[in-house]
There are 2 protein chains.
Amino acid sequence: MSQQPERLEVWCAGEEWCALTSTATILGRKWHPVIVHRLLRDGALGFNALKEAVDGVSSKVLSDSLEDLEEHGLVNREVVSEKPFRVQYSLTERGESLDPVISAMQAWGKEHLAEPRDA
Amino acid sequence: MSQQPERLEVWCAGEEWCALTSTATILGRKWHPVIVHRLLRDGALGFNALKEAVDGVSSKVLSDSLEDLEEHGLVNREVVSEKPFRVQYSLTERGESLDPVISAMQAWGKEHLAEPRDA
DNA sequence: CGGCATCCACATGGATACTG
DNA sequence: CAGTATCCATGTGGATGCCG
């Protein structure tokens, strides 16, 4: 059940800054943190449900993003039904471990970015 | 002395995902988190000192990155001497407030990304 | 429903060379 | 020392349309 043992392979292993740049590269794509956040909040979701939950992403970009997240072992894709074709995306353990990072990012954003109305 | 009162203007204000995407866009650029980390760790640094501290970035990219960080009010640029021309880059209060985010990113990276040798 | 195919525009990073 | 000027390859996102 645990797909955690091995660490993610990265091109910069050995460099002191690798942990930071790699994490930035993974979470720095426009929708990645939002996707992870939605899956953390709502649990497993189908493609279109996730698309609506994210709200603002196109099919193509969501598809690309999910593929990238899958390749990084953060998201799990599961076909739950063939007849009415249904898929579910959920976080792996590694994906869930991003919670503190996502939370920190969102907290910072809420604290320092402009809001529509102040009050 | 406080340049914190106003929040950063962003193109996505009002969107629920704005805090996350904007933060991702700011910290997601390859060297941004490393630059902020170095300034957090070492304090104010000159251009070349910072370039060496980051280790791996080109002048052009460092220059671009610093400009971007300045525009976001995270980094402060100060000319400390004209004759022997010297400049110092340091974090603003807003920049320092990124500490928890950078720390979370680095902690996650160290925990989940491959290292040169295992033992 | 859950995508993929295409095409396009622009952002980003890197190499190299040069300057005040 | 502290950058800027070019040039270029690739990455990334977005729009639109189509398919099983």
Side-chain angles (χ1 to χ4, degrees), chain A residues 10-12 15 17-18 20-35 38-39 42 44-72 75-90, chain B residues 10-12 15 17-18 20-35 38-39 42 44-72 75-90:
Chain A
V10 278
W11 51 277
C12 54
E15 301 292 342
W17 36 263
C18 188
L20 275 176
T21 45
S22 296
T23 306
T25 300
I26 294 173
L27 287 181
R29 305 261 309 263
K30 186 167 175 183
W31 300 105
H32 286 212
V34 187
I35 294 169
R38 296 321 192 224
L39 293 176
D42 305 338
L45 291 173
F47 187 87
N48 285 322
L50 185 53
K51 185 162 179 285
E52 284 174 36
V54 170
D55 186 36
V57 68
S58 71
S59 302
K60 184 236 180 189
V61 174
L62 178 57
S63 183
D64 288 352
S65 298
L66 286 170
E67 189 182 330
D68 190 53
L69 290 168
E70 258 192 275
E71 283 170 3
H72 283 95
V75 161
N76 196 38
R77 178 181 186 271
E78 188 185 1
V79 178
V80 275
S81 147
E82 284 292 352
K83 236 353 261 313
F85 189 50
R86 275 163 199 291
V87 173
Q88 277 204 331
Y89 289 95
S90 57
Chain B
V10 278
W11 51 277
C12 53
E15 301 293 342
W17 37 261
C18 188
L20 274 176
T21 45
S22 295
T23 307
T25 301
I26 294 173
L27 286 180
R29 305 254 316 255
K30 187 166 175 182
W31 299 106
H32 286 210
V34 186
I35 293 169
R38 295 324 193 223
L39 293 176
D42 305 339
L45 290 173
F47 187 87
N48 284 324
L50 185 53
K51 185 163 180 281
E52 284 174 36
V54 169
D55 186 34
V57 68
S58 71
S59 303
K60 184 233 179 193
V61 174
L62 178 58
S63 185
D64 289 352
S65 298
L66 286 170
E67 190 182 330
D68 190 53
L69 290 169
E70 257 193 278
E71 283 170 3
H72 283 94
V75 159
N76 194 38
R77 177 180 185 273
E78 189 186 1
V79 178
V80 277
S81 148
E82 283 292 353
K83 237 352 266 305
F85 190 50
R86 277 166 198 288
V87 173
Q88 277 203 331
Y89 289 96
S90 57

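Just so you know, these numbers come straight off a predicted model, no measurement behind them.
A sub-4.0 Å separation between OP1 or OP2 of dC1(D) and a side-chain N or O of Tyr89(B) is absent. For dG2(C), neither phosphate oxygen OP1 nor OP2 lies less than 4.0 angstrom from any side-chain nitrogen or oxygen of Arg77(A). Under 4.0 angstrom from either OP1 or OP2 of dA11(C) there lies no side-chain N or O belonging to Lys30(A). For dG14(C), one of the phosphate oxygens OP1 or OP2 lies less than 4.0 angstrom from a side-chain nitrogen or oxygen of Trp31(B).
Going from atom CD of Glu71(B) over to atom P of dA11(C) covers 13 Å, rounded to whole Å. One can place CG of Asp55(A) at 12 Å from P of dG14(D), the figure rounded to the nearest angstrom. The distance from atom CD of Glu82(A) to atom P of dG3(C) is 12 Å, rounded to the nearest whole Å. One can place CG of Leu62(B) at 13 Å from P of dC1(D), the figure rounded to the nearest angstrom. Look at NZ on Lys83(A): it is 16 Å from P on dG20(D), rounded to the nearest Å.
Between Ser65(B) and Val57(B), every side-chain heavy-atom pair lies at or beyond the 4.5 Å cut-off.
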Between protein and nucleic acid, restricted to nucleotides 4-11 of chain D and to nitrogen or oxygen atoms under 3.5 Å apart, what atom pairs and distances do you find?
{"residue": "dT4(D)", "atom": "OP2", "partner": "Ser63(B)", "partner atom": "OG", "Å": "2.4"}

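The structure places CG of Leu27(A) at 11.0 Å from CZ of Arg29(A), a figure rounded to the nearest 0.5 Å.
Applying the side-chain hydrogen bond (donor to acceptor under 3.5 Å, both in side chains) test to every pair with at least one member in residues 77-90 of chain A, sequence neighbours left out, gives these pairs: Arg77(A)-Tyr89(A).
In summary, of the residues considered (Leu50(A), Val61(A), Val87(A)), a side chain to side chain contact (heavy atoms under 4.5 Å, CB included) with Leu66(A) occurs for Leu50(A) alone.
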